[in-house]
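Structure record follows, encoded as structure tokens.
First listed ligand is number 1; within each ligand, the first listed atom is number 1.
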Amino acid sequence: MSQYQNHEKVIIIGSGPSGYTAAIYASRAGLKPLMFAGLQPGGQLMITTEVDNYPGYPDGVMGPDMMDNFRKQAERFGTRIKYEMIVSCDLQSTPKRLVDGAGTEYYADSIIISTGADAKWLGLPSEETFMNRGASACAVCDGYFFRGKEVAVVGAGDTAAEEATYLAKLCPVVHLLVRRDEMRASKFMQERVKNTPNIKIHWFTETLELMGGDKLEKIRVVNTQTKEESEIAVSGFFVAIGHKPNTEIFKGQLEMDETGYLITKADSTHTNLEGVFAAGDAQDKTYRQAVTAAGTGCMAALDAERWLAAQGLH
Ligand code: NDP
């Protein structure tokens, strides 16, 4: 019997594909994991439409439906889910101590971190001014509000290409603002963008300011070659320039790279701290796919189980 209340063998932080897969494996191993699902249960796939590249779905699947299935599968084997954030932690103590958003303390012999990553913003003050009034980081979530209106998308990766083609179905013109003279997106996605007649690509273009009254009306942009500034009338401004890992609360305790991605030991999910494992986008800046996140979630659960057994804790 533990001297602590709320003492778990495994706590999983985060509920994307990696968290749920860790939960499925850990619960099937009899570890009775407790999962903190956070504020966006299901992670980034909840704001995606169709997922066509996850094996096992020959006709594709909607991201939220897939995550719902992941959750049900984890719960079938006894995973308990709390829809709370973990706001602070002491990972060096034994057992490890976590505090949730309601101030409740939890203790765990092992922790699996699968907190994922969030969209990045340009950092313009006017971007904040127009947040929820024209500026968005998710076309799938907010695109509907801009149907029939002109919009801009910033970025040149797969996310930007996907958002632009999604918006092109709702909006008469989509201005794609690319800061260089080429896109980083996959060839396939680039072709799709270039073959969509109502996507207008602006090369060498950076955004200076979002402008308007109550709502966004236009943006001021600059051509970085000619230094010429101009305005584009848009009602929506979608930022699609990549992601930032959700690892702030682990700073100073876990090893991470300069951009905040957690560092795991080679061929494993072990972090620098015993009993703390990391999976999914919080530790992967290379692949960032649902299927790779799920794969590392499985690895984390197996690593945790073996580590607990070696400590005589399972
Ligand atoms: P990426 O990091 O791949 O691309 C970010 C893009 O944003 C780059 O083109 C970059 O420009 C641009 N950018 C960065 N900062 C700024 C800035 N301040 N101003 C203007 N532009 C900026 O991120 P993604 O989110 O697109 O993709 C991440 C990963 O997820 C990739 O591996 C991608 O393949 C994958 N993905 C796969 C999808 C799929 O298979 N369906 C869908 C979406 C993503 P520059 O090129 O000049 O650096």
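The side chain to side chain donor-acceptor pair (under 3.5 Å) test applied to Glu209 returns Arg220, not counting sequence neighbours.
Between Phe70 and Tyr54, the ring-plane angle classifies as perpendicular under the 30° and 60° cut-offs.
Ionic pairing of Glu8 and Lys32 is not present here: no N-O contact between side-chain nitrogen and carboxylate oxygen is shorter than 4.0 angstrom.
Exactly one of Glu191, Arg192, Gln190 qualifies for a side-chain contact (heavy atoms from CB on, under 4.5 Å) with Phe188. That residue is Arg192.
Using a heavy-atom distance under 4.0 Å as the criterion, the protein contacts of ligand 1 are Asn53, Leu122, Val154, Gly155, Ala156, Gly157, Asp158, Thr159, Glu162, Arg179, Arg180, Arg184, Ile241, Gly242, His243, Arg288, Gln289.
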Table please: side-chain donor-acceptor pairs of residues 14-26 below 3.5 Å, with sequence neighbours left out.
from	atom 1	to	atom 2	distance (Å)
Ser15	OG	Ala37	O	2.9
Ser15	OG	Gly42	N	3.0
Thr21	OG1	Pro17	O	2.6

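Grouping Ile, Leu, Val, Met, Phe, Trp and Tyr by side-chain contacts under 4.5 Å, direct or through others, puts Val276 with Ile11, Ile13, Leu34, Phe36, Ile86, Leu91, Leu98, Tyr106, Ile111, Ile113, Ile249, Phe250, Leu254, Met256, Leu262, Leu273.
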